[in-house]
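Naming: A, B, ... by sequence-line order, numbering from 1 per chain. The analysis underlying the following values was restricted to heavy atoms, covering all of them including side chains, and did not include hydrogens, waters or symmetry mates. Since the structure is predicted, the reported quantities are computational estimates derived from the model, not experimental observations.
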Amino acid sequence: MELLNTLNEKQREAAAHDKGPILVIAGAGTGKTRVLTHRIANLIGTNKAMPWEILAITFTNKAANEMKERISQLIDYSVDKMWIGTFHSICVRILRRDIDRIGYDRNFIIYDTSDQKTLIKDCIKELDLDVKKYNSNVIKSIISNEKNNRVNPDKFTSEHYGSFYHRNVGDVYALYEKKLKLANALDFDDLLIKALELLEREQDVRDSYQERFKYILVDEYQDTNNIQYNLVKILGKKKGGENNVFVVGDDDQSIYGWRGADITNILNFENDFEGAKTVKLEKNYRSTNVILSAANGVIKNNSQRKGKNLYTDFQDGNLIRIFEMDNEKDEAFTVASLMKKENRDNHVEYSDMAVLYRTNAQSRALEEGLIREGIPYKIVGGQKFYERKEIKDLVAYLMLIYNQKDGLSLDRIINVPKRKIGARTIEILTECANENGISMFEACFEASELGLTPSASKSIGDFVSMMEMLMIKKEVMPVSEFIQAVWEDTGYKNMLMEDDTIEGRSRVDNVDEFLSAAKDFEERYEENTLEDFLAHISLLADVDKTEEKVDCVTLMTVHAAKGLEYDTVFITGLEEGIFPIIHQDEESDDDIEEERRLFYVAITRAKRMLYITHANDRMRFGNHEMKSKSRFLKEIPKECIEEENPLAFAAKKLEMMDEAFGGFRSSDGSTRKKPSFVKDTFFKGSSTYEEDKKPRLKSDSIEAGDRIMHKAWGEGTVVQLKKDGSTTIAVIAFENKGIKNVILGYAPIEKIQ
DNA sequence: TGCGTGCGGCTTTTT
DNA sequence: GCCGCACGCA
């Protein structure tokens, strides 16, 4: 029991809980992970459960790894035998064992969101529907919704028979399902749905898991959807009637409603699980009193909540500073300047600061501001690594080799690199496949019978033999070596190597990164076949990537920030229409409540200092939009705020310019009416700056091949110089940062050697 | 079959 | 303001 001595009373009450269902409402920063890990350690330490009798479900793989690590610090047992993972990865594990019981091959593959979209587009085209009226994104979300409510295509069509549009959507849905099945593929939703189906239909499978998992723990319960709820319920059911489900969550941090998460799961837990106990954790160990009061003040405006109030023993701390800015460029500049100031005056490390925003699109302006100020940064999210073309192509080869029924992957790579297999040839193959009920790959074997031109027929023959050779290699090589073989044998490497542009090179870099990820995977896991690797990468989210610990600030969406904490946090874009985001003039109370929770999540990321900005004018879709400040700002209690009024701020801005640039002053002191003065008089080549301070590199002082030193990114080599009007852009290959474009004259670089 | 151009939609958030 | 796609030309 001494294990639990380091916990506070409430935490201990939760962690010491033994049998029966329990809901732990854990506010932000109240030690949720501590409770989870201590409970698991305690169950094992007191011999209540063996490691393999524990099932712990988290929201991200990163959280799962963290949990494993922290448990192994608490006890001597190996955590390898415990099932700790996301719903998706746990379900994959269950399905790999027994999915053949419900009519799939065990070597199924997983289609990610973009595969899904491609497949839906194929269906729309195949049904001769108007691509413009039948938007693949819209249909994707309809299908996903219906699937998660367990409505199959037939049911969907009969329920919506009155609508021509929905009848057609029903057809797309049906065809989509057929194609998935034919390819022996599952989409993200299927992973959960099929696992549930398997458990429901096959009694012995169900029994074996129900017996095995004596204790089930679910993190982030507020973000579970209908299917996940049912999975928890079915796995938690025990023979003796007891239901050892331990769920942890915070109704105030439910921010995935748009993805089907159902906040009523957590709100109704006590009704759903008979005899459930509830423990509330409200003591916060993260933030100052001011920050917590602000968070409490905001969230109390929501009606759909259980109600709680975070408190702390910490001091009041600094007031929250809110900045009204002219536009997003000023916003970015201000954030950058404040960061410098925090770093210099308060010795806050850059790695202890984060900039949060509502949409990924906002990152660009911020990024530019940081680059100009020479502040090192990293962006979480945005274009995801495994969604890059070159990576998807290579993965398509792997998927096809692993599962030849995968038509989507075949389609993707049959002519990449170019093999003289054109649209017409592919069309004939597709027809052959459809007519004979075989896969595209099998149809390739019939190529000689299909009346193709001799050259097309030969091209296909070559392609097939190449693939067959790779299938043999797959059997004898370790994964990383095999991927290397695919990369070379398919001609993909040569194709990329020939492309000597910046993009081409960065693609090669990405593949290198992919190869080393494969190597790493192989060394790290015992189960490291191609199958394991494919499952691993298709379930990886961007937040899961373990970041190297360099001293740089982090930029990300509020969603991506959930579960993280920083000394100093900047929340940007607090404008009506952006945060809360409003979609197509529709706003329901539920949506606003979810936005408010999102803002609550953002506020509670900050430990010591919180800055909030909003702009009056923001560029969106390429045009200017006037913005009024977010309603949420009025919900922050007045006494928590130090508002920077615009006029006072104009002076402050000059002051900051002074600090940042060493004495530079605009000739026009009253610059409020000219919002972009920063850019006009300064960044576009006013010479004042260069006179005042050590000049930064100009275009004539540098050439391709020169070695340079960048303030933030370290050493690099100039690859190319590009003229863009009056400015010159240097393309620089940095040793650790990859290839970057910098503006000469502004970028903090110096020539070395 | 490959490449260039012009148009339209997109921006919520992600396992 | 950018990306992806469709279409048209060589």
Side-chain angles (χ1 to χ4, degrees), chain A residues 57-64 85-92 110-114 116-118 121 125 131-132 135-138 140-141 144 148 186-193 219-220 223-225 227-228 253-261 328 356-365 368 380-384 386-387 389 415-426 453 455-456 459 535-544 556-562 573 577-584 586-587 591 594-595 597-599 601-602 618-625:
Chain A
I57 305 173
T58 59
F59 197 64
T60 62
N61 293 299
K62 192 179 166 195
T86 60
F87 272 104
H88 292 83
S89 66
I90 301 278
C91 287
V92 168
I110 302 165
Y111 279 171
D112 68 16
T113 315
S114 76
Q116 205 183 351
K117 218 172 118 180
T118 312
K121 275 189 192 161
K125 280 183 203 151
V131 194
K132 294 203 175 86
N135 176 298
S136 61
N137 276 324
V138 173
K140 181 168 69 99
S141 74
S144 176
N148 281 307
L186 303 186
D187 63 22
F188 280 144
D189 296 325
D190 285 336
L191 294 177
L192 308 183
I193 294 165
D219 194 8
E220 309 279 14
D223 288 327
T224 50
N225 66 21
I227 303 289
Q228 290 163 338
Q253 293 188 68
S254 165
I255 55 175
Y256 285 95
W258 52 274
R259 198 169 84 184
E328 75 278 1
L356 309 183
Y357 35 80
R358 181 63 183 82
T359 68
N360 276 309
Q362 289 163 252
S363 69
R364 180 176 243 107
E368 279 167 18
V380 177
Q383 160 82 306
K384 291 179 197 58
Y386 288 100
E387 279 171 19
K389 186 183 179 306
N415 202 32
V416 182
K418 302 267 179 285
R419 298 191 174 90
K420 303 206 166 120
I421 301 173
R424 180 63 196 138
T425 308
I426 292 170
T453 62
S455 84
S459 303
H536 174 76
I537 59 176
S538 47
L539 296 179
L540 262 192
D542 221 53
V543 280
D544 296 332
M556 65 193 141
T557 63
V558 182
H559 282 89
K562 190 162 83 157
I578 299 275
F579 203 165
I581 202 156
I582 288 157
H583 210 213
Q584 289 168 352
E586 277 180 67
E587 75 171 85
D591 292 343
E594 180 149 321
E595 292 295 312
R597 290 193 291 268
L598 200 51
F599 186 45
V601 168
R618 186 175 293 277
M619 195 74 131
R620 255 180 118 209
F621 303 122
N623 37 33
H624 290 275
E625 283 180 18

Quiz item: What pairs with Gln253(A) under side-chain hydrogen bond (donor to acceptor under 3.5 Å, both in side chains), at least two apart in sequence or on another chain?
Solution: Asp250(A), Arg605(A)
Quiz item: If you measure from the ring centre of Phe188(A) to the centre of the six-membered ring in the base of dT15(B), is it under 5.5 Å, with the planes under 30° apart?
Solution: no
Quiz item: What's the NZ-P distance between Lys117(A) and dT15(B), to the nearest Å?
Solution: 17 Å
Quiz item: Is Lys125(A) touching bases, backbone alone, or none of the nucleic acid, heavy atoms closer than 4.0 Å?
Solution: sugar-phosphate
Quiz item: Considering only the C1' atoms, how many Å lie between dT11(B) and dA6(C), rounded to the nearest integer?
Solution: 23 Å
Practice problem: With sequence neighbours excluded, tell me which residues meet side-chain hydrogen bond (donor to acceptor under 3.5 Å, both in side chains) with Gln362(A). | Solution: Thr359(A)
Practice problem: Only counting residues at least two apart or in another chain, list the ones meeting salt bridge (charged side-chain N to carboxylate O under 4.0 Å, His left out) with Arg364(A). | Solution: none
Self-check item: Test item: Arg259(A) and Asn225(A) side chains (from C-beta on) under 4.5 Å apart, heavy atoms
Solution: no
Quiz prompt | d(CD1, Ile581(A); C1', dT11(B)) in whole Å | solution = 6 Å
Practice problem: Using the test ring-ring contact (aromatic ring centres under 6.0 Å, His included), find all partners of His536(A) that sit at least two apart in sequence or belong to another chain. | Solution: Phe521(A), Tyr525(A)
Self-check item: Nearest-angstrom distance from the residue atom CZ of Phe87(A) to P of dT15(B)
Solution: 15 Å
Quiz prompt | Nearest-Å distance for atom pair CD1/C1', residues Ile578(A) and dT11(B) | solution = 9 Å
Quiz item: Taking only residues two or more places apart in sequence, or in another chain, which ones meet Phe87(A) in a ring-ring contact (aromatic ring centres under 6.0 Å, His included)?
Solution: none
Quiz item: Counting only distance, no hydrogens or angles, is the base of dT15(B) paired donor-acceptor with the side chain of Thr60(A) under 3.5 Å?
Solution: no
Exercise. Please list, chain by chain and in numerical order, all residues satisfying side-chain hydrogen bond (donor to acceptor under 3.5 Å, both in side chains) with Ser254(A), sequence neighbours excluded.
Key: none
Self-check item: Minimum-distance nucleotide (side-chain atoms of His559(A) versus dT15(B), dT14(B), dC5(C))
Solution: dT14(B)
Practice problem: For Lys121(A), report the nucleic acid contact type (base, sugar-phosphate, nothing); a contact means any heavy atom under 4.0 Å. | Solution: sugar-phosphate
Exercise. Could I get the full list of side-chain hydrogen bond (donor to acceptor under 3.5 Å, both in side chains) partners for Tyr111(A), not counting sequence neighbours?
Key: Asp406(A)
Short heteroatom pairs, N/O only, protein and nucleotides 1-5 of chain B, under 3.5 Å:
| residue | atom | partner | partner atom | Å |
| --- | --- | --- | --- | --- |
| dT1(B) | OP1 | Gly422(A) | N | 2.6 |
| dT1(B) | OP2 | Ala423(A) | N | 3.0 |

Quiz item: Which part of the nucleic acid, if any, lies within contact of Thr113(A), taking any heavy atom under 4.0 Å across all strands shown: a base, the sugar-phosphate backbone alone, or nothing?
Solution: base
Quiz item: Over how many whole Å does the gap from Gln228(A) atom CD to dT15(B) atom C1' extend?
Solution: 8 Å
Quiz item: Just how far, in rounded Å, is C1' of dT15(B) from CD of Glu220(A)?
Solution: 12 Å
Quiz item: What is the distance from CG of Leu186(A) to P of dT15(B), rounded to the nearest Å?
Solution: 19 Å
Quiz item: Nearest to the side chain of Arg620(A) - dT15(B), dT14(B), dT11(B)?
Solution: dT11(B)
Self-check item: Value in whole Å for how far the C1' atom of dG1(C) lies from CD of Gln362(A)
Solution: 15 Å
Quiz item: Looking only at side chains, do Ser144(A) and Asp189(A) share a donor and an acceptor under 3.5 Å apart?
Solution: yes
Quiz item: Within less than 4.0 Å of OP1 or OP2 of dT15(B), is there a side-chain N or O belonging to Ser89(A)?
Solution: no
Quick one: which protein N/O atoms are closer than 3.5 Å to N/O atoms of nucleotides 7-10 of chain B? Pair and distance per line, please.
| residue | atom | partner | partner atom | Å |
| --- | --- | --- | --- | --- |
| dC10(B) | OP1 | Asn135(A) | ND2 | 2.8 |

Quiz item: Got a donor-acceptor contact below 3.5 angstrom from the Tyr357(A) side chain to the Met556(A) backbone?
Solution: yes
Practice problem: When you get a sec, tell me which of dC2(C), dT11(B), dT13(B) is the closest nucleotide to the side chain of Asn360(A)? | Solution: dT13(B)
